[in-house]
Amino acid sequence: MPTNDNIPSTNTETSAAINIELRSEQVQEILTKIPHWMIRWGNLLILIIVLLVLLFSYFIKYPDVNSTQITITTLVPPEKLTARTSGRIETILIEDNQVIEKGTPLAVIENSANYKDVFLLKSILDTINLSRTPFPFEKLQYTQFGDVESQFAIFQKEYSAEELQKQLKPYQVETIAQGFEARQISERLSLLESQKSINLTELELQKNDLNRYETLYKNGVIADQEFEKQKMSYLQSQKNYKNLLSSISQLKSSLNELNRSSKTTKINSTKDAINLERNVIQAFFQLKKAVKDWELNFVLRTAMRGKVSFMQLWAENQTVSAGDQVFSVVPIDNEVYVGKVKAVAQNSGKLKAGQSVNIRLANFPDTEFGIIKGIVKNISATPDKEGNLLIDVSLPNGLDTSYDKKIIFQQEMIGSADIITEDLRLIERFFYQFKSMFSRKSKTEKAK
């Protein structure tokens, strides 16, 4: 039989065996159970997610943009006609939304002139050729030119002086008289030249005769009185010959002086004709300038073909002030559109020609109509007085949007423009942060 001493030890061994057995089941359960998939594939999943993020950050672009305001207009901008003089509108010559040609007058501001008379004068000045056509003063007898009147009077005076000079020809009478006198002197000179040869022959004969008398006188054949009488006759003939030579010389001098006077008359005639013509031309252009100045002050005239639009409800007898915009003329033959941008100085150093521009118009929401693509065409070399750079943006696709919709053009449409200065990927922008951080760290170490 077993003794009582052995009973405690048996219980202890049994308890230990039970504990060992229980632990073995737990360990066995842990070892035999399959772990959750997160525990088994977690590291791989995280690696895949990181790789996917890096992959998408490579394909996803996050460009660097410079946002500013843009105005869409035509290559030829609309013309805004501004009143240069304060006054009452005398007449309006067109209607609202009327298509007008270049140079059409739109309205006249009240002034001292009759605008119809000035318009008539302008039409004559613009079409006449003074060298071929006489100026039609008869059409302008009862006209009222106002501020142009004084210049018109000067032109009329100069023109009349030239016409009188052409009709009366004052120098022609003197020229004819000088020509007639020159012919008379030439004829007298010709006669004296003929007489000169006769007198010279006669003088030679008397010389020979005097030589014979002298021989007879020396031989005592004739008396002193007879010899002296013959000598006196010879001396008289010699004197007549010299007088004849003197007359010929005087006639030649007179003819030469007459020729000189004739040339002087011709020069004076030409000079006066040139001066009169120059005065007429100068007065003509001064008159044209006076008409132009009158137009600039009192007439609103367009310089382009287009459709006119009233800036306000203007009507005849309505008063305008200098600087008021009265009309706007929109070109209708120009379908080339451009964008005008004023870029602020911030980040303006990144702007370059050829960069893409995304345009969102204020009156055409981009969520419904899309955006318009543009390209930076030109950048001003210097900023304006406000410090902004002026940029021209071309629209290669016109007003076609990214949603294949065509925007109906309206002058000076306002919108926002995103100029893509650098087309970065997301991963590049991410690494730029590290680059900036390492750059600052390197500068700090160098400073230390």
Side-chain angles (χ1 to χ4, degrees), residues 71-128 136 139-140 142-155 283-338 340 384 390 409-414:
T71 302
I72 304 297
T73 183
T74 53
L75 187 61
V76 179
E79 180 185 15
K80 295 181 179 179
L81 300 177
T82 303
R84 293 182 175 87
T85 304
S86 300
R88 185 175 61 87
I89 296 180
E90 181 177 351
T91 182
I92 296 178
L93 304 174
I94 44 85
E95 297 178 356
D96 194 14
N97 294 323
Q98 178 181 339
V99 177
I100 57 176
E101 298 298 326
K102 177 180 179 181
T104 302
L106 309 183
V108 179
I109 299 175
E110 186 179 26
N111 61 95
S112 59
N114 185 331
Y115 75 91
K116 294 182 180 180
D117 294 340
V118 181
F119 283 173
L120 175 60
L121 176 61
K122 175 179 169 56
S123 65
I124 295 174
L125 294 176
D126 291 341
T127 56
I128 194 170
K139 295 181 180 180
L140 306 171
Y142 306 102
T143 51
Q144 185 178 356
F145 293 141
D147 296 344
V148 187
E149 188 70 44
S150 59
Q151 198 59 49
F152 178 76
I154 294 174
F155 169 71
F284 177 78
F285 285 108
Q286 287 294 331
L287 179 59
K288 293 189 71 173
K289 180 181 180 297
V291 172
K292 185 68 175 178
D293 292 341
W294 177 86
E295 278 193 309
L296 290 175
N297 290 327
F298 302 109
V299 180
L300 298 172
R301 186 186 294 271
T302 178
M304 61 189 298
R305 183 177 185 271
K307 181 183 291 186
V308 64
S309 175
F310 289 14
M311 301 294 289
Q312 299 183 29
L313 297 177
W314 299 109
E316 293 182 1
N317 298 321
Q318 185 174 350
T319 302
V320 296
S321 300
D324 289 345
Q325 291 184 356
V326 185
F327 302 106
S328 176
V329 180
V330 180
I332 59 176
D333 298 331
N334 195 337
E335 295 184 356
V336 179
Y337 307 112
V338 294
K340 299 294 183 178
D384 60 7
L390 304 180
F409 176 72
Q410 300 173 5
Q411 273 293 344
E412 299 185 352
M413 293 187 293
I414 304 297

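Values below: all heavy atoms of this structure, side chains included; hydrogens, waters and symmetry mates excluded.
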- request: I would like to know whether Tyr337 and Phe409 meet ring pair (Phe, Tyr, Trp, His ring centres under 6.0 Å); could you show each step before the answer?
  value: CA-CA 9 Å; Tyr337 307 112; Phe409 176 72; 4.5 Å; yes

- request: Show your reasoning for whether side-chain contact (heavy atoms from CB on, under 4.5 Å) applies to Trp294 and Asn111.
  value: CA-CA 9 Å; Trp294 177 86; Asn111 61 95; 2.8 Å; yes

- request: Determine, step by step, whether Val291 and Val118 satisfy the side-chain contact (heavy atoms from CB on, under 4.5 Å) criterion, reporting the C-alpha distance in whole Å, the side-chain angles of both residues, the deciding distance to 0.1 Å, and the verdict.
  value: CA-CA 7 Å; Val291 172; Val118 181; 4.1 Å; yes

Residues Thr74, Val338; criterion side-chain contact (heavy atoms from CB on, under 4.5 Å); working and verdict: CA-CA 6 Å; Thr74 53; Val338 294; over 6 Å; no

message: Between Phe152 and Leu121, is the side-chain contact (heavy atoms from CB on, under 4.5 Å) condition met? List the steps.
response: CA-CA 10 Å; Phe152 178 76; Leu121 176 61; 4.2 Å; yes

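Note that OG1 of Thr82 and CD of Gln325 are 5.0 Å apart. Values are rounded to the nearest 0.5 Å. How far CD1 of Ile94 is from CG of Asp96: 7.5 Å, rounded to the nearest 0.5 Å. In this structure, the separation between OG1 on Thr104 and CG on Leu106 is 7.0 Å, given to the nearest 0.5 Å. Distance OG1/Thr91 to CD/Glu316: 4.5 Å, rounded to 0.5 Å. Distance check: Phe298 CZ to Arg84 CZ gives 12.0 Å after rounding to the nearest 0.5 Å. Distance check: Asp117 CG to Leu140 CG gives 8.0 Å after rounding to the nearest 0.5 Å.
Few gaps surround CZ on Arg88; more than 12 heavy atoms of other groups in view lie less than 6.0 Å from it. Within 6.0 Å of the NZ atom in Lys288, the count of heavy atoms belonging to other residues, nucleotides or ligands exceeds 12.
Judged by distance alone, the side chain of Asp324 and the main-chain N or O of Ser321 form a donor-acceptor pair under 3.5 Å. Judged purely by atom type and a 3.5 angstrom limit, Thr143 has no side-chain atom pairing as donor or acceptor with the backbone of Phe145.
Residues Leu93 and Pro105 approach most closely at CB-O, 3.6 Å, considering heavy atoms. Closest of all the heavy-atom pairs between Ser112 and Gly146 is OG-CA, 3.4 Å. Here the closest heavy-atom approach between residue Tyr115 and residue Glu90 is recorded as CD2-OE2, 3.7 Å. Closest of all the heavy-atom pairs between Leu120 and Lys139 is CD2-O, 4.0 Å.
A 4.5 Å side-chain heavy-atom check between Val148 and Leu287 finds at least one atom pair inside the cut-off. Put simply, the side chain of Val308 does not reach to within 4.5 Å of the side chain of Asn97, judged on heavy atoms.
The pair Glu295-Lys122 meets the salt-bridge criterion, with a side-chain N (NZ, NE, NH1 or NH2) lying under 4.0 Å from an Asp/Glu carboxylate O.
Both the sub-6.0 Å distance and the 45° axial angle are satisfied by Arg301 relative to the ring of Phe119.
Ring geometry for Phe155 against Phe284 counts as tilted: the plane angle lies between 30° and 60°, on a 0 to 90° scale.
Side-chain atoms of Ser328 and Glu79 include no donor-acceptor pair closer than 3.5 Å.
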